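This report concerns only the one structure given below.
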Amino acid sequence: MKFDIVIIGGGVIGSAIAYFLSAQAPASVKIAVIEKDPSYQEGSTARSAGGIRQQFSTPENIRISQFATQFLRTINDHLSVNDDPVDVSFQEKGYLFLAQDHQIPVLYGNHQVQTRENVPVQLLDPEDLARVYPWMTVSDLAGGSISAEGEGWLDAYSLNQAFRKKAISQGVQYIRDTAQGLLRQGQKIDAVLLENTGAVHCGTVVNAAGPHAATIAEWAGISLNVRPRKRFIYSFTCRTVIENCPLTIDPSGVYFRPEGHQFITGCSPAPENDPDCLDFNIDYGWFEEHIWPILAHRVPAFEAIKLENAWAGHYAYNILDQNAVLGRHPDVQNFIFANGFSGHGLQQAPAVGRALSELILHGQYQTLNLDRFSYQRMVEEKPLSEINVV
């Protein structure tokens, strides 16, 4: 079995790449996606919080999200199959970053970058926060920032499925199997070795394996410092109606947002308490001892909440700088990275899918230059700093 392009991983990143490739490539180009679990029950995409924002500190990350917003607003023009409407429940209800005194210089610095990139972001002082969000405790805050449009959340699973269905309609073959190795001949990957199918020969291989990215790279003799890190999302109900609630990031790092009649919340742990992990065990103590007290302080009505559900998912965490690793390996030229999104993969999937399809088909980025995310910075240990990591 042989394909021109083989993508390892059929989550939102792999499926977005497959969609853009199959939309642009000649019909003679054969594309396959290797996905071991087409239900995606344990995939990172379906277990994400579904957020999309433009409030980053790196211009490229902002531009990536700006394209995603445009794509989502016109999603039926891109992903509809047989004129069936696509609904990913994109809700532009905003991201609200809150800051205390010591965080204000960073907030203002980010605002300058965002304004230069035409992000409609507004700075709020404590009086503004109290007026717009009367349910919030603002006495310990120095300010906040929120975008007037283009930020919010969506149904991550539905977006993944929409990319997948459209890619299949355009001739992409999804192979339900587990990758177990790569066959490397000199400076080229010759085949992907699958558990049941055997060797699948390829002209180009794309590593879109999420938290398993480092394992795929290791099969090619490549070191990739991207690690699986577990994150918890907790769902709770509140007796009090909280109106006009954006996705809110507390200065502590705890976030919360509405989810229907409930809310979801979470928080990344400190680096010393964030080991490599691939299990799905849930730490309820993290909610009770750390998250709930912060929620109750920031929103007094959250003192009386009921935990309804919880789940775990995984970041593909780039140890160097929490930014994506994209593009060709400098030596193994037919090995393409689409890794290390560190929790931003869902919102970056449309732009990354478009960019990598251009790189593969035309030899260079055409619409958005993402060279700063190349693997070379990993070799040189030169981080691309992104301050606004949630």
Side-chain angles (χ1 to χ4, degrees), residues 1-38 40 45 64 67-68 70-72 74-86 88 158-177 179 182-183 185 188-194 196-209 216 326-329 332-338 348-370:
M1 186 179 296
K2 179 175 176 57
F3 291 88
D4 296 287
I5 303 164
V6 174
I7 302 167
I8 303 176
V12 71
I13 294 293
S15 291
I17 296 168
Y19 157 69
F20 279 98
L21 279 170
S22 56
Q24 299 176 23
S28 59
V29 174
K30 297 178 62 179
I31 303 165
V33 177
I34 311 302
E35 175 53 53
K36 63 182 179 181
D37 178 20
Y40 297 101
T45 301
I64 285 170
F67 175 72
Q70 297 167 6
F71 185 90
L72 291 168
T74 58
I75 193 168
N76 281 292
D77 295 338
H78 307 288
L79 301 185
S80 176
V81 178
N82 298 325
D83 294 325
D84 290 336
V86 177
V88 297
S158 293
L159 180 61
N160 194 163
Q161 288 296 320
F163 273 126
R164 174 189 168 98
K165 290 177 182 177
K166 187 65 174 183
I168 291 172
S169 76
Q170 294 174 164
V172 175
Q173 183 173 340
Y174 275 69
I175 300 174
R176 181 176 184 174
D177 210 335
L182 296 174
L183 179 60
Q185 301 285 353
K188 183 178 181 295
I189 304 301
D190 183 65
V192 181
L193 307 178
L194 304 184
N196 299 314
T197 310
V200 176
H201 294 273
C202 57
T204 296
V205 63
V206 181
N207 182 357
I216 306 302
L326 304 175
R328 297 185 186 279
H329 187 273
V332 188
Q333 285 286 294
N334 71 332
F335 187 93
I336 305 292
F337 297 97
Q348 296 190 331
V352 167
R354 179 184 64 170
L356 290 183
S357 68
E358 293 168 353
L359 183 68
I360 293 168
L361 295 175
H362 306 292
Q364 61 183 3
Y365 298 120
Q366 296 187 321
T367 51
L368 180 58
N369 189 335
L370 300 183

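As the structure is a prediction and not an experimental result, all values here were calculated from the model. All residue numbers in this chain count up from 1 along the given sequence. Below, all heavy atoms of this structure are taken into account, side chains as well, without hydrogens, waters or symmetry copies.
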Show the atom names and distances, to 0.1 Å, of all donor-acceptor pairs under 3.5 Å that link a side chain in residues 2-15 to residues at least two apart or in another chain.
residue, atom, partner, partner atom, Å
Asp4, OD2, Lys30, N, 2.7
Ser15, OG, Gly10, O, 2.8
Ser15, OG, Gly11, O, 3.2
Ser15, OG, Tyr174, OH, 2.7

Using a 3.5 Å cut-off and no angle test, enumerate the donor-acceptor pairs between side-chain atoms of residues 352-360 and protein atoms at least two apart in sequence or in another chain.
residue, atom, partner, partner atom, Å
Arg354, NE, Thr367, OG1, 3.0
Ser357, OG, Gln24, NE2, 3.4
Ser357, OG, Gly353, O, 3.3
Ser357, OG, Arg354, O, 2.6
Glu358, OE1, Gln366, N, 2.9
Glu358, OE1, Thr367, N, 3.2
Glu358, OE1, Thr367, OG1, 3.4
Glu358, OE2, Thr367, OG1, 2.7

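Taking both residues in full, the closest heavy atoms of Ala16 and Ala349 are given as CB-O, 3.5 Å, listed atom of the first, atom of the second, then distance. Of all the heavy atoms in Thr74 and Gln70, the pair that sits closest is OG1-O, 2.9 Å. Taking each heavy atom of Ile216 and Ala209 in turn, the nearest pair found is CG1-CB, 3.6 Å. The shortest non-hydrogen separation linking Tyr40 to Arg164 is OH-NH1, 3.1 Å. Of all heavy-atom pairs between Leu79 and Ala162, the closest is CD1-CB, 3.8 Å.
Side-chain contact between Gln173 and Ile168: absent, with no pair of heavy atoms (C-beta onward) separated by less than 4.5 Å. Side-chain contact between Val86 and Val88: present, with at least one pair of heavy atoms (C-beta onward) separated by less than 4.5 Å. At a threshold of 4.5 Å between non-hydrogen side-chain atoms, the residues Phe163 and Thr45 do not count as touching.
His201 is linked by a ring-ring contact (aromatic ring centres under 6.0 Å, His included) to nothing, counting only residues two or more places apart in sequence or in another chain. Residues satisfying the side chain to side chain contact (heavy atoms under 4.5 Å, CB included) test with Lys165, not counting sequence neighbours, are Gln161. Residues satisfying the side chain to side chain donor-acceptor pair (under 3.5 Å) criterion with Ser28, sequence neighbours excluded, are absent altogether. Residues satisfying the side chain to side chain donor-acceptor pair (under 3.5 Å) test with Gln348, not counting sequence neighbours, are Asn61. Legend: residues meeting side chain to side chain contact (heavy atoms under 4.5 Å, CB included) with Gln364, ordered by chain and number and at least two apart, are absent. By the side chain to side chain contact (heavy atoms under 4.5 Å, CB included) test, Ser169 pairs with Val81, Lys166, sequence neighbours left out. For Ser158, the side chain to side chain donor-acceptor pair (under 3.5 Å) test picks out Asp155, with sequence neighbours left out.
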Query raised in the report: Can Tyr19 and Gln170 be said to form a side chain to side chain contact (heavy atoms under 4.5 Å, CB included), step by step?
Result: CA-CA 8 Å; Tyr19 157 69; Gln170 294 174 164; 3.6 Å; yes

Report task. For the pair Tyr365 and Leu370, evaluate side chain to side chain contact (heavy atoms under 4.5 Å, CB included) and give the outcome as yes or no after the intermediate values. Result -> CA-CA 7 Å; Tyr365 298 120; Leu370 300 183; 3.9 Å; yes

Query raised in the report: Checking side chain to side chain contact (heavy atoms under 4.5 Å, CB included) for the pair Leu72/Leu159: CA distance, chi angles, key distance, verdict?
Result: CA-CA 9 Å; Leu72 291 168; Leu159 180 61; 4.2 Å; yes

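A donor-acceptor pair under 3.5 Å is formed between the side chain of Asp177 and the backbone N or O of Thr197. Checking side-chain atoms of Asn334 against main-chain N and O of Gly203 turns up a donor-acceptor pair under 3.5 Å.
Thr204 pairs with exactly one of Ile189, Leu21, Leu361, Ile336 by the side chain to side chain contact (heavy atoms under 4.5 Å, CB included) rule, that one being Ile336.
Heavy-atom contacts from other residues, nucleotides or ligands closer than 6.0 Å to NZ of Lys188 number more than 12.
Taking the six-membered ring where tryptophan is involved, the planes of Phe71 and Phe67 are tilted, since the angle between them lies from 30° to 60°.
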